[in-house]
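Each remark here refers to the structure printed beneath this line.
Computed from a prediction, not measured in an experiment: that's the story for all the values here. One-based numbering along the sequence shown.
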Amino acid sequence: MLTVSLAQLRPRKGRYAENLARLGEMFREAGRLPAPPGLVVAPESALTGYFLEGGVRDLALEAEQLFDDLARVHRESGAPDMDVALGFYERHSNHIYNSALYASLGGSDAGIRHVHRKVFLPTYGVFDEERFVAAGDSVQAFDTRWGRAALLICEDAWHSIVPTIAALDGAEMLIVPSASPARGLQPSGEDDERPASIGRWERIMQDISGEHGVYVALAHLVGFEGGKAFVGGSLITGPRGNLIVEGPVFEEALITASIDLSDIARVRAEMPLLADLEARLPMLAGELARAGQPGDAAARGSSDLGGASPTQGSGTPPPDPRLAASPSRPAQVSPSRTRRARAVGVPNVTDDVLEIDAPLARRWLVEFLRDELTRRRGFEKAVIGLSGGVDSALVAYLAAEALGPANVTAVRMPYRTSSAESLEHAQLVIDALGIESRTVDISAAVDGVVAAIGDTDPARKGNIMARCRMIVLFDLSAKLKALPLGTGNKSERLLGYFTWHADDSPPVNPIGDLYKTQVWALARYVGVPALIVDKPATADLIHGQTDEADLGVSYARGDRILHFLLSGYTAEALVTAGFTAAEVEAVRRRLDSTHWKRRLPTVAMVSQTAIGEWYLRPVDY
């Protein structure tokens with residue numbers, strides 16, 4: 001029996017020594033278990049954090065240095081001899097890689113057993129690995145103290161050919177360090193409060209195990225980096241495709257299970273899928289090499305008509321798979337990289353595509369606030385501009401849960417023409433949560449600016465109000481040592497329906513990726529008073545103003561139009577699906593004309609160290 005522990009770590013960004021010490025604490029914890037593990041697996045980029053951008057140059061190190069550091073903290077922990085596998089940014093042969101190391105700690109045979117360099121570097125969506133690290137070019141199994149293993153890193157495991165290569169090379173266990181940001185707030189039908197992406201990881205790992213008759217040990221990172229959630233959910237699957245153990249989400253954990261490696265032989269005898277593949281491999285390896293050649297579609301088409309292939313027809317034996325173009329070197333196949341294209345067809349508008357799992361959303365955003373404010377930025381308190389509307393009310397509820405009511409200050413900032421109802425509704429939230437509060441009348445400040453300028457109009461005056469409120473909020477932030485929280489929702493941000501350098505100024509925003517309709521749903525779930533949730537949305541800058549009148553479309557329909565546009569559907573397809581041309585045009589025009597409001601100022605780039613272009617560091621670095 002082999003006992004395996006998954007060290008589900010929450011690293012501090014860029015703090016290698018601190019994170020190394022935390023791993024040493026987990027070694028100590030593992031060593032005190034009734035059955036100490038023979039193997040501890042930690043996530044991808046476990047000692048630095050994942051999203052480093054140009055910071056990889058600062059934190060990459062040689063495998064030998066990492067081994068020396070691991071050996072030291074292992075000795076200091078007092079843990080028994082054990083093996084360890086973890087991901088790190090590696091400096092090797094004048095290149096930087098996203099790598100994983102397997103090493104034996106303690107004992108006469110201590111040392112590095114293998115280093116795997118990530119082959120598939122995600123460069124799409126939130127990922128940009130190819131810009132900062134080089135790709136590996138091999139997948140190999142290797143011998144350990146307990147048997148034969150292979151390392152894959154995160155996306156490597158999503159390409160079915162890679163686990164197959166490892167299994168064919170004799171791996172009994174695939175070890176997968178991962179740093180995979182969670183996605184998916186849609187209800188799963190199960191009461192487990194797990195993001196949809198965690199369920200997909202579980203299915204893929206079970207499929208890999210079941211197809212190849214191997215164990216899989218997947219160690220996920222946990223914590224938030226720049227708003228992106230690593231939620232944990234590490235797991236071990238068995239050779240029957242069974243789930244052996246699964247870790248919690250949103251928290252650090254040491255997840256341990258004992259596995260019987262002799263079960264692999266029994267499973268493969270019952271279901272000889274790997275043996276069948278080995279028998280067909282000589283033919284398939286040749287086909288793989290041929291199919292990967294550019295411009296071979298015509299040849300494939302003629303072959304499919306039933307004629308023998310040129311190689312088989314000539315009597316030449318199929319190539320030895322060891323001499324064929326290696327499938328473990330995908331760069332030689334020259335695959336085309338496909339980016340997201342326009343979606344074809346008409347969306348199904350009857351589906352509730354924006355429905356959310358409210359309990360999951362609540363926990364996700366509460367954990368985000370705890371992690372971002374307290375753990376990463378060192379703040380214990382938050383300050384919120386409380387308008388009496390649903391957005392700021394929801395943020396207040398989330399912040400009170402994350403930080404405690406005593407650590408949240410709500411600031412009411414009325415102008416003399418502001419609705420009395422707004423003040424009353426803000427007070428309802430303050431009383432319901434028991435949070436601290438202040439009221440700062442901005443009338444004199446706004447009137448002073450207007451008088452100094454000499455003339456204004458209602459829209460400009462509304463912008464002055466919004467910016468005066470941010471002056472108040474940031475000054476109180478300095479006074480109270482409390483971080484300002486943003487309250488703008490995704491709909492407003494995409495439509496440009498906010499005052500630049502005002503509503504968008506707070507550095508942390510828990511609801512900025514929720515559409516307005518999703519804000520309403522979550523607000524109802526957490527208990528925001530119904531009269532706040534149900535009243536017409538308004539910025540309360542101009543008397544009688546409402547959001548939907550300004551926008552020319554209801555949020556119920558506008559949010560769905562936004563969702564489908566961002567998903568790649570054309571305006572024409574949305575009209576065909578049942579939206580009016582006027583609605584679609586109103587949304588599309590606002591979306592396309594306000595990109596500048598969602599970006600930092602445009603700077604003339606005159607050097608090769610321009611901030612945000614060449615000099616890249618994440619916000620939490």
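Taking OG1 from Thr256 and CG from Leu6, the interatomic distance works out to 7.5 Å, rounded to the nearest 0.5 Å. Here the CG atom belonging to Leu235 is positioned 5.5 Å from the CD atom belonging to Glu246, to the nearest 0.5 angstrom. Rounding to the nearest 0.5 Å places CG of Leu476 at 8.0 Å from OG1 of Thr409. Distance check, rounded to the nearest 0.5 Å: CZ of Phe579 to OH of Tyr569 gives 11.5 Å. To the nearest 0.5 Å, atom CG of residue Leu428 and atom CG of residue Leu531 are 6.0 Å apart. Taken from CE in Met413 to OG in Ser387, the straight-line distance is 9.0 Å, to the nearest 0.5 Å.
You'll find the side chain of Val411 reaches within 4.5 Å of the side chain of Leu473, heavy atoms only. In this structure, the side chains of Asp559 and Gln518 stay at 4.5 Å or more apart for every pair of heavy atoms. Counting only heavy atoms from C-beta outward, the side chains of Val162 and Val119 never approach each other to under 4.5 Å. In this structure, the side chains of Asp156 and His116 come closer than 4.5 Å at one or more pairs of heavy atoms. Between Tyr515 and Trp520, every side-chain heavy-atom pair lies at or beyond the 4.5 Å cut-off. Side-chain contact between Pro506 and Met470: present, with at least one pair of heavy atoms (C-beta onward) separated by less than 4.5 Å. Leu33 places a side-chain heavy atom less than 4.5 Å from the side chain of Ser5. Looking only at side-chain heavy atoms (C-beta outward), Ser209 and Tyr215 stay at 4.5 Å or farther from each other.
Here Arg557 pairs with Glu583 in a salt bridge; the nearest charged N to carboxylate O distance falls below 4.0 Å. Taking a cutoff of 4.0 Å between a charged side-chain nitrogen and a carboxylate oxygen, Glu436 and Lys381 do not qualify as a salt bridge. Contact check on Arg363 versus Glu251 returns a salt bridge, with a Lys/Arg side-chain nitrogen under 4.0 Å from an Asp/Glu carboxylate oxygen. With respect to Asp357 and Arg362, no salt bridge is recorded, no charged nitrogen being found less than 4.0 Å from a carboxylate O. With respect to the salt-bridge test (charged N to carboxylate O, under 4.0 angstrom), the residues Lys481 and Glu380 do not qualify. Residues Arg588 and Asp592 are paired through a salt bridge, judged by an N-O separation under 4.0 Å between the basic side chain and the carboxylate. Comment: Glu18 does not engage Lys13 in a salt bridge, judged by the lack of any side-chain N to carboxylate O separation of less than 4.0 angstrom. For Glu202 and Arg194, the salt-bridge test fails: no basic side-chain N is under 4.0 Å from an acidic carboxylate O.
For the pair Lys228 and Phe51, the cation sits on the ring face: its NZ or CZ lies under 6.0 Å from the ring centre, inside 45° of the axis. Judged by the 6.0 Å and 45° rule, Lys516 forms a cation-pi pair with Tyr555.
Checked by atom type, the side-chain pair Thr594/Arg598 shows a donor-acceptor distance below 3.5 Å. Residues Ser234 and Gln8 have side chains that bring a donor and an acceptor to within less than 3.5 angstrom of each other. Between the side chains of Thr538 and Thr546, no donor-acceptor pair is found at a separation under 3.5 Å. Side-chain N/O atoms of Asp128 and Thr123 include no donor and acceptor closer than 3.5 Å. Judged by distance alone, the side chains of Glu130 and Tyr124 never bring a donor and an acceptor atom under 3.5 Å apart. No side-chain donor from either of Arg560 and His563 sits under 3.5 Å from a side-chain acceptor of the other. A donor-acceptor pair shorter than 3.5 Å cannot be found between the side chains of Gln206 and Asn242. For the residue pair Thr487 / Asp391, no side-chain donor-acceptor distance below 3.5 Å is found, with atom types taken as modelled.
The two residues Pro177 and Leu152 have their closest heavy-atom pair at CD-O, 3.0 Å. Here the shortest heavy-atom pairing between Gly388 and Ile532 reads O-CG2, 3.7 Å. Closest of all the heavy-atom pairs between Gly385 and Ser392 is O-CB, 3.4 Å. Across Ala7 and Pro43, no two heavy atoms sit closer than the pair O-CD, 3.1 Å. Of all the heavy atoms in Ala573 and Gly345, the pair that sits closest is CB-O, 3.3 Å. Heavy-atom minimum distance, Val575 versus Ala581: CG2-CA, 3.8 Å.
Asp207 places no side-chain N or O within donor-acceptor distance of the main-chain N or O of Ile204, the cut-off being under 3.5 Å. Here the side chain of Arg183 pairs no donor or acceptor atom with the backbone of Ser197 at under 3.5 angstrom. Judged by distance alone, the side chain of Arg12 and the main-chain N or O of Arg375 form a donor-acceptor pair under 3.5 Å. The closest donor-acceptor contact from the side chain of Tyr525 to the backbone of Ala361 lies at 3.5 Å or more, if one exists at all. Side-chain N or O atoms of Glu44 include none that pairs as donor or acceptor with a backbone N or O of Cys154 at under 3.5 Å. Side-chain atoms of Arg370 come within 3.5 Å of backbone N or O of Glu401 as a donor-acceptor pair. Counting only distance, with no hydrogens or angles, the side chain of Arg493 and the backbone of Gly512 share a donor-acceptor pair below 3.5 Å. A donor-acceptor pair under 3.5 Å is formed between the side chain of Asn407 and the backbone N or O of Leu403. His212 contributes a side-chain N or O that, together with a main-chain N or O of Ile208, makes up a donor-acceptor pair within less than 3.5 Å. At distances below 3.5 Å, at least one donor-acceptor pair connects side-chain atoms of Glu252 with backbone N or O atoms of Arg10.
Of the residues Asn489, Asp503, Asp550, the one that meets the side-chain hydrogen bond (donor to acceptor under 3.5 Å, both in side chains) test with Tyr497 is Asp550.
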Trace of the side chain to side chain contact (heavy atoms under 4.5 Å, CB included) decision for Met173 with Ile175: CA-CA 6 Å; Met173 178 187 294; Ile175 300 167; 3.8 Å; yes
Worked check of side chain to side chain contact (heavy atoms under 4.5 Å, CB included) between Phe88 and Thr48: CA-CA 8 Å; Phe88 72 111; Thr48 58; over 6 Å; no
Working note: Arg376 + Asp371, criterion salt bridge (charged side-chain N to carboxylate O under 4.0 Å, His left out); need CA distance, chi angles, decisive distance, verdict. CA-CA 6 Å; Arg376 299 193 181 276; Asp371 198 279; 2.5 Å; yes
Chi angles and distances behind the side chain to side chain contact (heavy atoms under 4.5 Å, CB included) call for Val222, Leu9: CA-CA 6 Å; Val222 71; Leu9 285 165; 5.7 Å; no
Apply side chain to side chain contact (heavy atoms under 4.5 Å, CB included) to Val4 and Ile255, showing your working. CA-CA 8 Å; Val4 181; Ile255 304 110; over 6 Å; no
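Residue Arg200 qualifies as open at atom CZ: its count of foreign heavy atoms under 6.0 Å is 12 or below.
Taking the six-membered ring for Trp and thresholds of 30 and 60 degrees, Phe120 and His159 have nearly parallel ring planes, at less than 30 degrees apart.
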